[in-house]
Amino acid sequence: VVNSLNTRTVEQTDWLAEWKKHWKPTEIGKFIVTPPWEAVADSDKIIISIEPNMAFGTGTHEPTQICLTAIGDIFRPEQSFLDVGTGTGILAIAAAKLGGQKIMACDTDADSVTIARENAVLNGVGDKIDFFDGSIYDGTPAFDLVCANLTADVIIPLLDTLLAKTMDKLL
């Protein structure tokens, strides 16, 4: 039982802007993922600018970094690519910047799809990625490479369908 209560006044802060001070460009394999408000020095890496807003996928988490590294290592320009649970669109944008021929990305969160489309345009690949609201299903075509950067509780029920839509590798 607490018998006392301590209080303090906290300065009014724009928390949405505050976190941006701490997000800096991140080098991930062949890529540098950066917020659009940060300048990136000349580099031979492929630059991906991401404005996350309320979507997941800034390249700061290990699962996204693992997927980006794998895309950089194994994806080829003549291949097709499917990004399930696209979030900010970061993985589909990486495939498009590598010259992918048929790139599709989906998310069950319509706001994330809107953000992903905006990020694709920001990166000059808006016309190279077909985004849609929803998930994959039996009628979804197969792709050379499929990425599903999702939590286990989401990916496990989709696993059989993901495998069926993968012509090459599953990330």
Side-chain angles (χ1 to χ4, degrees), residues 25-36 40-52 55-110 112-152 154-171:
T26 306
E27 208 170 298
I28 306 165
K30 291 183 176 181
F31 306 99
I32 294 177
V33 179
T34 184
V40 177
D42 285 340
S43 174
D44 60 345
K45 304 277 184 180
I46 299 167
I47 308 289
I48 300 175
S49 291
I50 295 293
E51 174 64 73
F56 179 79
T58 60
T60 58
H61 294 93
E62 284 187 20
T64 306
Q65 292 177 357
I66 290 167
C67 288
L68 278 172
T69 300
I71 291 165
D73 288 347
I74 65 174
F75 188 70
R76 302 293 168 250
E78 68 277 1
Q79 293 181 310
S80 60
F81 182 83
L82 174 62
D83 179 7
V84 180
T86 195
T88 61
I90 189 170
L91 303 180
I93 291 166
K97 286 195 164 228
L98 288 171
Q101 295 304 301
K102 174 183 163 189
I103 302 170
M104 186 177 286
C106 64
D107 203 299
T108 57
D109 177 17
S112 289
V113 173
T114 299
I115 292 164
R117 281 188 182 110
E118 291 168 357
N119 280 320
V121 170
L122 175 66
N123 283 277
V125 295
D127 61 337
K128 296 181 180 183
I129 305 169
D130 181 19
F131 291 99
F132 68 95
D133 299 346
S135 189
I136 60 171
Y137 62 101
D138 289 342
T140 303
F143 292 80
D144 293 308
L145 183 61
V146 174
C147 280
N149 186 10
L150 304 165
T151 57
V154 176
I155 202 169
I156 289 171
L158 289 174
L159 196 53
D160 288 340
T161 307
L162 287 166
L163 291 170
K165 302 307 168 190
T166 305
M167 294 189 286
D168 192 8
K169 304 214 181 322
L170 178 70
L171 298 178

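For Phe31, the ring pair (Phe, Tyr, Trp, His ring centres under 6.0 Å) test picks out no residue, with sequence neighbours left out. Taking the side-chain hydrogen bond (donor to acceptor under 3.5 Å, both in side chains) definition, one finds that Thr58 meets it with Thr60, sequence neighbours left out. Looking at residues two or more places apart in sequence or on another chain, you find a side chain to side chain contact (heavy atoms under 4.5 Å, CB included) between Leu122 and Pro36, Ser49, Asn119. Listed by chain and number, the residues in a side-chain hydrogen bond (donor to acceptor under 3.5 Å, both in side chains) with Ser43 amount to none (sequence neighbours excluded). Taking the ring pair (Phe, Tyr, Trp, His ring centres under 6.0 Å) definition, one finds that Phe131 meets it with nothing, sequence neighbours left out. With sequence neighbours excluded, the residues satisfying side chain to side chain contact (heavy atoms under 4.5 Å, CB included) with Asp133 are Ala110, Val113. By the side chain to side chain contact (heavy atoms under 4.5 Å, CB included) test, Val40 pairs with Pro25, Ile32, Thr34, Ile47, sequence neighbours left out. Partners of Glu51 by salt bridge (charged side-chain N to carboxylate O under 4.0 Å, His left out), not counting sequence neighbours, listed by chain and number: Lys20.
Proximity of Thr140 to Thr161: side-chain heavy atoms (C-beta onward) are nowhere separated by under 4.5 Å.
Under the 3.5 Å distance criterion, the side-chain polar atoms of Lys165 are left unmatched by any main-chain donor or acceptor of Asp160.
With values rounded to the nearest 0.5 angstrom, Thr88 atom OG1 is found 6.5 Å from Ile93 atom CD1. For the atom pair CD1 of Ile103 and CG of Leu145, the computed distance is 10.5 Å after rounding to the nearest 0.5 Å. Rounding to the nearest 0.5 Å places CG of Asp83 at 7.5 Å from SG of Cys106. Here the straight-line distance linking atom CG of Asn123 with atom CD1 of Ile129 works out to 8.5 Å at 0.5 Å rounding. With values rounded to the nearest 0.5 angstrom, Ile28 atom CD1 is found 11.0 Å from Glu62 atom CD. A distance of 8.0 Å separates CZ of Arg117 from CG of Asp130, quoted to the nearest 0.5 Å.
Relative orientation of the Phe75 and Phe81 rings is perpendicular, given thresholds of 30° and 60° on the angle between their planes.
Applying the salt bridge (charged side-chain N to carboxylate O under 4.0 Å, His left out) rule to pairs touching residues 40-50 yields Glu27-Lys45, sequence neighbours excluded. Contacts classified as side-chain hydrogen bond (donor to acceptor under 3.5 Å, both in side chains) and involving residues 94-110 (residues at least two apart or in different chains) are given here: Asp109-Ser112.
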Can you give the donor-acceptor pairs under 3.5 Å from side chains of residues 64-74 to other protein atoms, not counting sequence neighbours?
from	atom 1	to	atom 2	distance (Å)
Thr64	OG1	Asn149	ND2	2.8
Gln65	NE2	Gly59	O	2.8
Thr69	OG1	Gln65	O	2.9

